[in-house]
Amino acid sequence: MSGRIFLLGDNIDTDQLAPGQYMKGGIEALARHCLETARPDFADTVAVGDLIIAGRNFGAGSSREQAAEALKYLGVAGVVAQSFAGIFYRNAINLGLPVMSGQLPDSLTDGEVAELDIELAILQLSDRTVALEPLPDNIIAILRDGGLIAHLKKRFA
Amino acid sequence: MAVGEVVTVRVDLAMIHDSGGPRRVAPLLAELGTGLHNPDQVVLISDHYVPGDSDEGRQILRFTRDWAEREEVVFHDSQGICHIVLPQQGHLRPGMFVVGGDSHSCTGGAMGAYMFGVGATDMAGVLATGETWIKVPGTIMLEWQGVLADGVGAKDMMLHTCGLIGMDGGEYQAIEYSGDTITRLPIQERMTLANMAAELGAQAGLIAPDKVTTEFLAAIAAHDSNHYSRSLELPDAAELCTDTDAELLRHHRLDASALQPQVAAPHSPANAMPVSDCGNTAVDVAYIGACTGAKYHDMQAAARVLGKRRIAPGVRMMLAPASLQDQQLAAADGTLQTLQDAGAQLLPSACGICAGYGADRLAADTVCISSTARNFKGRMGDPASQVWLGSPMTVAASALTGRISDPREFLATVQ
């Protein structure tokens with residue numbers, strides 16, 4: 001599935017992804033405020049299949065899983081960043097939200113159409129391909145199952 | 001085990017709180033169709049929605065309390081912030097492998113436990129199976145040598161390091177703090193160091209156990225009310241130190257004697273600078289709070305700066321002690337009275353506005369100097385509020401002048 005790119009900068013933190021004051025409600029209410037301090041129109045304009053492209057240390061801060069859950073709820077198909085904060089990275093995988101890192105070219109433009117392939121580790125654009133760092137097999141297995149709970153269900157079945 | 005290898009690890013203890021805990025993991029455990037792998041290895045602490053000042057918050061606390069009773073786990077209800085309550089109640093031991101449902105779980109590294117934060121799904125996996133996976137971390141050594149000047153402390157060391165290596169400088173590896181500066185630090189200052197390994201983006205922030213650690217643990221075990229400090233069979237501290245010939249991923253050498261009090265400008269802990277460089281910024285609110293900055297030691301340090309002075313007119317000073325135990329210690333020796341006489345308003349021992357909760361969140365255009373760990377945009381209130389980070393001593397000095405101020409000026413003339 002392809003979608004549009006939302007280009008974001010470095011150090012996008014979990015308070016931007018899932019603001020603390022909206023944490024007591026459900027994910028639907030919280031997701032409406034996802035990234036509103038960085039990009040006020042984000043929740044209204046993002047569509048299923050869209051991708052986030054960001055700089056260094058995406059997801060810094062809290063362990064709140066809603067940071068990844070809000071993106072998934074809004075239909076984001078994956079996040080590609082130069083680097084990720086460790087807890088966010090684990091959370092995203094556990095929720096089945098693909099996260100991949102790599103050196104991203106400056107030529108990527110906001111709104112450009114792209115598709116993420118986690119098995120081939122590439123970001124496919126209309127006219128070029130960006131190679132990403134391959135994921136370990138155990139992480140691909142969790143993502144393929146749709147997250148940790150679905151993955152563990154097989155074990156408890 | 002090689003660095004970078006993905007391994008499955010048995011978990012000795014899992015700590016959860018009211019926000020990321022029962023309300024989030026219970027549906028996941030139900031979906032898995034399994035219960036707790038071992039309720040004896042679970043500690044639940046309510047701190048985020050305490051004191052329950054909204055309908056939703058009260059419902060979350062109610063759910064938390066019911067779940068604790070049903071699942072028969074150890075529950076510390078409204079006793080303070082989890083990262084401080086957990087060690088104070090005797091749950092941590094050097095050498096343990098512990099996960100916590102909160103990013104500042106790395107605080108446990110001050111007690112020599114390998115402890116790190118995870119999200120709710122990760123936690124559900126741990127609760128269901130008793131194990132988790134990690135990538136074997138490399139070690140980033142932060143070696144501090146020299147004597148800190150009076151008025152400079154662990155918080156200043158951490159802000160300086162955030163400025164130096166950045167919020168991703170920890171690379172999600174294990175940081176170890178070493179050197180003669182660290183050896184001299186009391187346990188609660190060590191907790192500040194380990195706590196803010198989170199702001200460096202590390203997985204863990206470890207301090208090798210020594211005499212300070214064992215004395216802290218022995219004091220807890222000696223206390224009759226601490227039923228949870230299981231056996232006091234401490235591991236040989238020498239066995240839990242990094243080998244002198246260990247291979248390090250990075251080795252930063254830092255000079256404590258040259259360090260000045262630090263502040264971090266909005267909106268990142270990495271915007272650190274000496275307090276003298278911040279241009280006398282005027283403040284509306286001075287906040288001493290959170291696991292990072294309102295422990296007993298932090299309150300004592302702030303009280304020393306305040307002396308018998310009163311805060312500046314127009315400044316609101318708020319104090320949310322990190323735990324009830326710390327609040328009681330501060331009450332017993334007059335520290336709390338000094339803070340309140342100076343004009344501090346006492347708030348509940350809970351995460352409070354540091355985590356974006358409660359009625360005291362910062363309004364737009366409010367400038368705050370805070371002893372907490374994070375000053376991300378909008379975290380403590382309106383996105384148009386401005387939060388500067390500093391040590392409890394710098395927060396106290398700034399409350400006295402109404403401008404971000406160097407605490408050393410006041411320590412020289414303690415009233």
Side-chain angles (χ1 to χ4, degrees), chain A residues 10-27 29 33 36-38 40 55-69 82-96 136-139 142 147-157, chain B residues 6 19-20 24 28-29 31-34 48-49 54-57 59-60 100-105 116-125 128-129 132-135 166-168 170-173 198-199 201-203 267-268 270 351 353-357 361 374 376-381 383:
Chain A
D10 293 338
N11 294 308
I12 295 295
D13 62 66
T14 51
D15 287 284
Q16 296 180 56
L17 292 161
Q21 71 259 43
Y22 306 113
M23 288 278 288
K24 54 181 180 266
I27 192 66
H33 301 281
E36 69 183 0
T37 52
R56 283 170 45 187
N57 205 24
F58 187 89
S62 162
S63 64
R64 63 185 69 148
E65 190 168 76
Q66 291 93 326
E69 194 181 359
Q82 250 176 288
S83 66
F84 289 90
I87 304 179
F88 175 87
Y89 185 78
R90 286 184 76 110
N91 287 342
I93 291 160
N94 288 331
L95 291 174
D137 289 342
N138 65 323
I139 288 176
I142 295 173
L148 183 69
I149 297 299
H151 186 66
L152 286 177
K153 263 188 185 170
K154 289 184 177 171
R155 173 164 155 184
F156 284 106
Chain B
V6 173
S19 181
R24 304 271 305 164
L28 299 172
L29 291 172
E31 196 181 335
L32 280 175
T34 179
H48 277 62
Y49 288 99
S54 68
D55 285 338
E56 296 99 325
Q59 273 169 22
I60 291 167
D102 191 278
S103 61
H104 284 115
S105 297
F116 63 102
V118 298
T121 302
D122 238 344
M123 183 57 80
T129 64
T132 193
W133 62 270
I134 66 165
K135 208 183 245 189
M167 284 200 72
D168 53 357
E171 305 173 51
Y172 206 51
Q173 306 296 310
E199 278 57 52
Q203 185 174 50
H267 298 284
S268 168
C351 301
I353 58 172
C354 174
Y357 299 98
R361 288 163 27 80
R374 290 180 186 147
F376 300 154
K377 194 174 186 179
R379 176 175 170 87
M380 288 174 63

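So you know, we letter chains A, B, ... as the sequences are listed, proteins then strands, and number each from 1.
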Option that, when pairs with chain A are counted at under 4.5 Å, heavy atom only, ranks first among B:Ala120, B:Pro383, B:Gly20: B:Ala120
Top contributor to chain A interface from B:Gly119, B:Gly356, B:Gly101 [non-hydrogen pairs under 4.5 Å]: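 Maximum pair count with chain A is reached by B:Gly119.
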Residues forming a salt bridge (charged side-chain N to carboxylate O under 4.0 Å, His left out) with B:Asp55, sequence neighbours excluded: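 Salt bridge (charged side-chain N to carboxylate O under 4.0 Å, His left out) check on B:Asp55 returns B:Arg58.
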Ring centroid separation B:Phe376 to B:His267 under 6.0 Å: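 Not close enough - the centres of the two rings lie 6.0 Å or further apart.
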Aromatic ring proximity A:Phe58/A:Phe88, centre distance under 6.0 Å: yes
More than 12 heavy atoms from other groups under 6.0 Å of CZ on A:Arg56: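 Counting neighbours around CZ of A:Arg56, 12 or fewer heavy atoms of other residues, nucleotides or ligands fall under 6.0 Å, so no.
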Residue [X] versus chain B: region with a heavy atom under 4.5 Å:
X        : value
A:Ile139 : side chain
A:Ser83  : side chain
A:Glu69  : side chain

Under 4.5 Å from any heavy atom of chain A - which part of [X]:
X        : answer
B:Gln203 : side chain
B:Ile353 : neither
B:Ile60  : side chain
B:Ser54  : side chain
B:Ala128 : both
B:Ser19  : side chain

Side-chain H-bond candidate by donor/acceptor type, A:Arg155 with B:Thr34, under 3.5 Å: no
CE-CG distance between B:Met123 and B:Asp102, expressed to the nearest 0.5 angstrom: 9.5 Å
Heavy-atom donor-acceptor pair, B:Arg374 side chain to B:Glu199 backbone, under 3.5 Å: no
Test item: B:Asp122 side-chain N/O and B:Val118 main-chain N/O as donor-acceptor pair under 3.5 Å: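 A pair under 3.5 Å: no.
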